[in-house]
Amino acid sequence: MYTRHDEMPVYEQRDGQLDANHYNHVQVALNRLGEQLYLELPGLRTLALILQRDAWVIVDRALNDVPIAAWSGFETESRETLHKPVHCRIRLFHAHAEKILERVIEAMELLLGEQLDEAGQGAASIIPFKPLE
């Protein structure tokens with residue numbers, strides 16, 4: 001598991017929140033594709049995204065996976081709904097990291113959708129209940 005985001009000095013950190021759809025999509029992907037996913041981000045040169053249960057970390061592949069930004073500390077212990085945003089901690093390790101956060105989330109959604117479709121895990125189907133006798 002990747003842990004360098006816990007070992008590196010932080011440039012800035014703050015409370016944040018993730019849209020429930022993004023958080024849920026990652027949890028489904030981790031359940032179906034593996035406990036850690038490494039996504040190379042198209043259009044963002046040498047950046048990649050490491051998805052784990054406890055953190056989502058943007059890393060620079062050209063610099064031996066040095067962390068650029070991370071979402072962690074997901075507050076899911078008392079989560080009772082699937083549609084409300086998930087509160088988390090956003091840690092920035094680079095002065096300009098905030099400028100790419102939204103773009104990374106958009107790329108993540110596209111890549112996860114493709115990977116789940118390739119694995120045959122993206123499509124959902126409705127299972128009918130048996131009729132009452």
Side-chain angles (χ1 to χ4, degrees):
M1 296 298 264
Y2 183 85
T3 59
R4 290 182 72 188
H5 61 285
D6 291 328
E7 301 159 1
M8 299 286 291
V10 177
Y11 176 76
E12 177 188 343
Q13 64 179 339
R14 65 175 187 271
D15 292 329
Q17 63 181 17
L18 287 165
D19 183 86
N21 290 330
H22 301 313
Y23 182 81
N24 296 338
H25 199 196
V26 169
Q27 295 308 305
V28 167
L30 290 171
N31 286 337
R32 295 179 180 177
L33 301 174
E35 285 299 309
Q36 177 172 296
L37 300 174
Y38 189 92
L39 306 174
E40 293 184 8
L41 301 169
L44 293 171
R45 297 189 185 209
T46 61
L47 298 184
L49 180 62
I50 298 173
L51 298 172
Q52 301 174 156
R53 295 242 181 248
D54 65 338
W56 306 355
V57 187
I58 304 167
V59 298
D60 191 335
R61 294 178 290 129
L63 297 174
N64 198 22
D65 287 348
V66 168
I68 303 298
W71 293 269
S72 62
F74 305 115
E75 296 179 11
T76 58
E77 284 294 318
S78 60
R79 188 174 185 213
E80 296 177 357
T81 62
L82 292 175
H83 68 285
K84 290 185 180 176
V86 175
H87 295 280
C88 64
R89 193 88 181 132
I90 299 173
R91 293 183 290 162
L92 307 176
F93 300 92
H94 188 279
H96 301 292
E98 183 163 2
K99 295 181 180 189
I100 62 166
L101 294 179
E102 187 174 325
R103 190 165 172 198
V104 167
I105 293 291
E106 291 170 3
M108 175 195 76
E109 284 295 323
L110 291 173
L111 292 169
L112 287 179
E114 290 173 2
Q115 287 189 10
L116 287 168
D117 284 344
E118 287 174 8
Q121 301 289 333
S125 60
I126 297 174
I127 301 171
F129 287 111
K130 293 181 182 178
L132 295 174
E133 297 177 7

Applying the 4.5 Å side-chain criterion to the ILVMFWY set and letting contacts propagate, would [X] and [Y] be lumped into a single cluster?
X	Y	answer
I50	L39	no
Y2	L44	no
L111	L49	yes
V57	L41	no
V86	M108	yes

Original post:
Got a donor-acceptor contact below 3.5 angstrom from the D54 side chain to the S72 backbone?
Top reply: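 Judged by distance alone, no pair lies under 3.5 Å.
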
Minimum-distance pair of heavy atoms, taken over all atoms of [X] and [Y]:
X	Y	value
P67	M8	CG-CG, 3.6 Å
W71	C88	CD1-SG, 3.9 Å
E35	M1	O-CE, 4.0 Å
H5	A70	CB-CB, 4.3 Å
A29	L112	CB-CD2, 3.7 Å

**OP:** Give the C-alpha distance, both sets of side-chain angles, the deciding distance and a yes or no for side-chain contact (heavy atoms from CB on, under 4.5 Å) between L116 and H25.
**Re:** CA-CA 10 Å; L116 287 168; H25 199 196; 3.6 Å; yes

Original post:
Residues in side-chain contact (heavy atoms from CB on, under 4.5 Å) with Q13, at least two apart?
Top reply: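 If we apply the side-chain contact (heavy atoms from CB on, under 4.5 Å) test to Q13, skipping adjacent residues, the hits are V10, R89, R91.
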
Kindly compute the distance separating [atom1] ([X]) from [atom2] ([Y]), expressed to the nearest 0.5 Å.
X	Y	atom1	atom2	result
H87	Q17	NE2	CD	5.0 Å
R4	D65	CZ	CG	7.0 Å
D19	E109	CG	CD	8.5 Å

Original post:
Parallel, tilted or perpendicular: which fits the ring planes of W56 and F74, with parallel below 30° and perpendicular above 60°?
Top reply: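 Geometry flag for F74 against W56: tilted rings.
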
What donor-acceptor contacts under 3.5 angstrom involve side-chain atoms of residues 96-106, with partners at least two apart or in another chain?
from: E98; atom 1: OE2; to: R14; atom 2: NH2; distance (Å): 3.3
from: R103; atom 1: NH2; to: G43; atom 2: O; distance (Å): 3.1

Original post:
Can you list the steps and then say if R61 with L47 is a side-chain contact (heavy atoms from CB on, under 4.5 Å)?
Top reply: CA-CA 6 Å; R61 294 178 290 129; L47 298 184; over 6 Å; no

Original post:
Do Q27 and R53 have a side chain donor and acceptor closer than 3.5 Å?
Top reply: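 Yes.
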
**OP:** Assess whether side-chain contact (heavy atoms from CB on, under 4.5 Å) is satisfied between L30 and L37, documenting all intermediate values.
**Re:** CA-CA 7 Å; L30 290 171; L37 300 174; 4.0 Å; yes

